[in-house]
Protein chains: 2
Amino acid sequence: MTKQDRGKVLKNAARKAMEAALRDAGLRFTAPRAALLDVLAAADDHPDAGELHQRVRALSPSVSLSTVYRCLTALEAQGLVQRLTFDGAPARFETTDAPHHDHIIDVDTGDVIEFRSDKIEKLQAMIVEELGYELVHHRLELYCRKRSGA
Amino acid sequence: MTKQDRGKVLKNAARKAMEAALRDAGLRFTAPRAALLDVLAAADDHPDAGELHQRVRALSPSVSLSTVYRCLTALEAQGLVQRLTFDGAPARFETTDAPHHDHIIDVDTGDVIEFRSDKIEKLQAMIVEELGYELVHHRLELYCRKRSGA
DNA sequence: CTTCATGCAAATACTTTGCAATCTT
DNA sequence: AAGATTGCAAAGTATTTGCATGAAG
């Protein structure tokens, strides 16, 4: 299932759950937020705030960039959205509907590939535990180039 | 050997190597660059540009912040300095005299601990190779909190 | 002396914020 | 009606850049 497919399922099924999550937090389900959730759910790439703003405007032309930023912050606080900051570039965003994963970034094209390694996850936990810490969250980004002989 | 000790050795021994590295690249060994290299070599923490600027000023009061930024960029291009961008905070810098390592960030204090896991390094290489990529560089950051029972 | 580097100030890029008007509930 | 949310414009950070002066090779 691609992320787009997940997005469609999400629009039908989990969309109400998101609405509920907002309501439970005392937040309102407004047109800008609905549009942003739709856009995020449909996004197969990892758009930044400006890109999201443009896509939201296609659905709801009056939404401002500040509102996109504010909504993203609110959605992040609710755990519905994750903020990714690759190598000093503008922040990119993804929904948290998919299970945890890390990112491979193609340094030539900017493409982002999601992956997951349970072995690495376990090693990380072991490393910090030995030092008396507990893991709050982590970032693993692999900046890559297509192999010439591949 | 702490990073400070490494720094002292570096000032005496490898400092000339750095000077040579700059000269070989057609770059000049100026007072601001000398001061910045001294400050970086002595730094045990991972300072950002503003902090570096203040420390450089203690040695060379007229150096401007733009020069610090420009020097850092130049030193980075020569591979003498590495830029770290943690979680959307201002970039931090470290010399490349120490072997490769990743970072643990204490989310409460901001402290940074260096660590290295050969197992994780190898797993990373395997993952990208299976996808037809070669690893250019990577970032692994473990955001942690001291264990209460530790 | 030729060219690169610097300081200053202005510009840029991304993101946040104050405030009055406007929607949700 | 009460309070959260929005749009707009302005402010805030972090970083880069144009340009004339100054220093390094």
Side-chain angles (χ1 to χ4, degrees), chain A residues 15-16 18-37 39 46-57 59-78 80-93 110, chain B residues 15-16 18-39 46-54 56-57 59-78 80-93 110:
Chain A
R15 165 81 174 267
K16 283 183 185 172
M18 287 196 161
E19 199 173 328
L22 289 182
R23 289 230 165 78
D24 289 354
L27 301 177
R28 290 170 183 174
F29 194 67
T30 62
R33 284 174 186 176
L36 183 55
L37 285 171
V39 166
H46 294 73
D48 64 23
E51 284 161 1
L52 288 168
H53 181 216
Q54 286 186 222
R55 295 181 198 179
V56 164
R57 280 197 141 159
L59 307 176
S60 210
S62 68
V63 175
S64 75
L65 180 58
S66 0
T67 295
V68 170
Y69 272 108
R70 271 188 287 229
C71 288
L72 286 168
T73 303
L75 296 175
E76 191 188 15
Q78 295 313 308
L80 298 173
V81 157
Q82 180 162 16
R83 181 186 304 251
L84 308 168
T85 50
F86 298 145
D87 254 7
R92 296 168 161 226
F93 299 85
Chain B
R15 164 82 174 268
K16 284 184 186 171
M18 288 195 161
E19 198 173 329
L22 289 182
R23 289 229 166 80
D24 289 354
L27 301 177
R28 290 170 184 175
F29 193 68
T30 62
R33 285 175 186 174
L36 183 55
L37 284 172
D38 281 354
V39 166
H46 294 72
D48 64 23
E51 284 160 2
L52 288 169
H53 182 217
Q54 286 186 221
V56 164
R57 279 197 143 159
L59 305 176
S60 210
S62 67
V63 175
S64 74
L65 180 57
S66 359
T67 294
V68 170
Y69 272 109
R70 271 189 285 229
C71 289
L72 286 168
T73 303
L75 296 175
E76 191 189 14
Q78 296 312 308
L80 298 172
V81 157
Q82 181 162 15
R83 181 186 304 251
L84 308 168
T85 49
F86 298 145
D87 254 5
R92 295 169 163 226
F93 299 85

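Reminder, nothing fancy here: chain letters follow the sequence lines and each chain counts from 1.
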*Asks:* Base, sugar-phosphate, or nothing for B:A31, non-hydrogen atoms under 4.0 angstrom?
*Replies:* nothing
*Asks:* Taking any heavy-atom pair under 4.0 Å as a contact, classify B:A74: base, sugar-phosphate, or nothing.
*Replies:* nothing
*Asks:* Roughly how many Å is it from CZ in B:R83 to C1' in D:dA14, rounded to a whole number?
*Replies:* 11 Å
*Asks:* Which residue lies toward the 5' end of DNA chain C, A:T30 or A:G50, if each is placed at its nearest nucleotide?
*Replies:* A:G50
*Asks:* Rounded off to whole Å, could you give me the CZ-to-P distance for the B:R57 and C:dT6 pair?
*Replies:* 14 Å
*Asks:* I want to check something: taking the side chain as every heavy atom from C-beta on, are B:T73 and B:V81 in contact at a cut-off of under 4.5 Å?
*Replies:* no
*Asks:* Whole angstroms only, please: what is the CZ-P distance between B:R33 and C:dA5?
*Replies:* 4 Å
*Asks:* Quick one: CZ on B:F93 to OG1 on B:T85, what's the gap to the nearest 0.5 Å?
*Replies:* 9.5 Å
*Asks:* Just wondering, do B:H53 and B:T67 contact through their side chains at under 4.5 Å, heavy atoms?
*Replies:* no
*Asks:* Whole angstrom is fine here: how far is it from CD in B:Q78 over to C1' in C:dC4?
*Replies:* 14 Å
*Asks:* Just checking A:R70: base, sugar-phosphate only, or nothing, at a heavy-atom cut-off of under 4.0 Å?
*Replies:* base
*Asks:* I'd like to know if A:R28 reaches the base of D:dG3 with its side chain such that a donor and an acceptor end up less than 3.5 angstrom apart.
*Replies:* yes
*Asks:* I need the OH-P distance between B:Y69 and C:dT12, as an integer number of Å.
*Replies:* 18 Å
*Asks:* Side chain of A:L65: nearest nucleotide among D:dG25, D:dG7, C:dT15?
*Replies:* C:dT15
*Asks:* Taking the side chain as every heavy atom from C-beta outward, state whether B:Q78 and B:L22 have any pair of such atoms under 4.5 Å apart.
*Replies:* yes
*Asks:* Just the rounded figure in Å: distance from P of D:dT15 to NE2 of B:H53.
*Replies:* 14 Å
*Asks:* Respond yes when some side-chain nitrogen or oxygen of A:S62 is under 4.0 Å from OP1 or OP2 of D:dT6, and no when none is.
*Replies:* no
*Asks:* Atom CZ of B:F29 to atom P of D:dA23: distance rounded to whole Å?
*Replies:* 17 Å
*Asks:* Closer to the 5' end of DNA chain D via nearest nucleotide, is it B:R23 or B:T73?
*Replies:* B:T73
*Asks:* When you measure from the side-chain N and O atoms of B:S64 to the phosphate of C:dG7, is any distance below 4.0 Å, counting only OP1 and OP2?
*Replies:* yes
*Asks:* Counting any heavy atom closer than 4.0 Å, what does A:S66 reach on the DNA or RNA strands: base, sugar-phosphate only, or nothing?
*Replies:* base
*Asks:* Would you mind reporting whether A:E51 and A:D48 have side-chain heavy atoms less than 4.5 Å apart?
*Replies:* yes
*Asks:* Specify the separation, in whole Å, of atom CD of B:E76 and atom P of D:dT16.
*Replies:* 9 Å
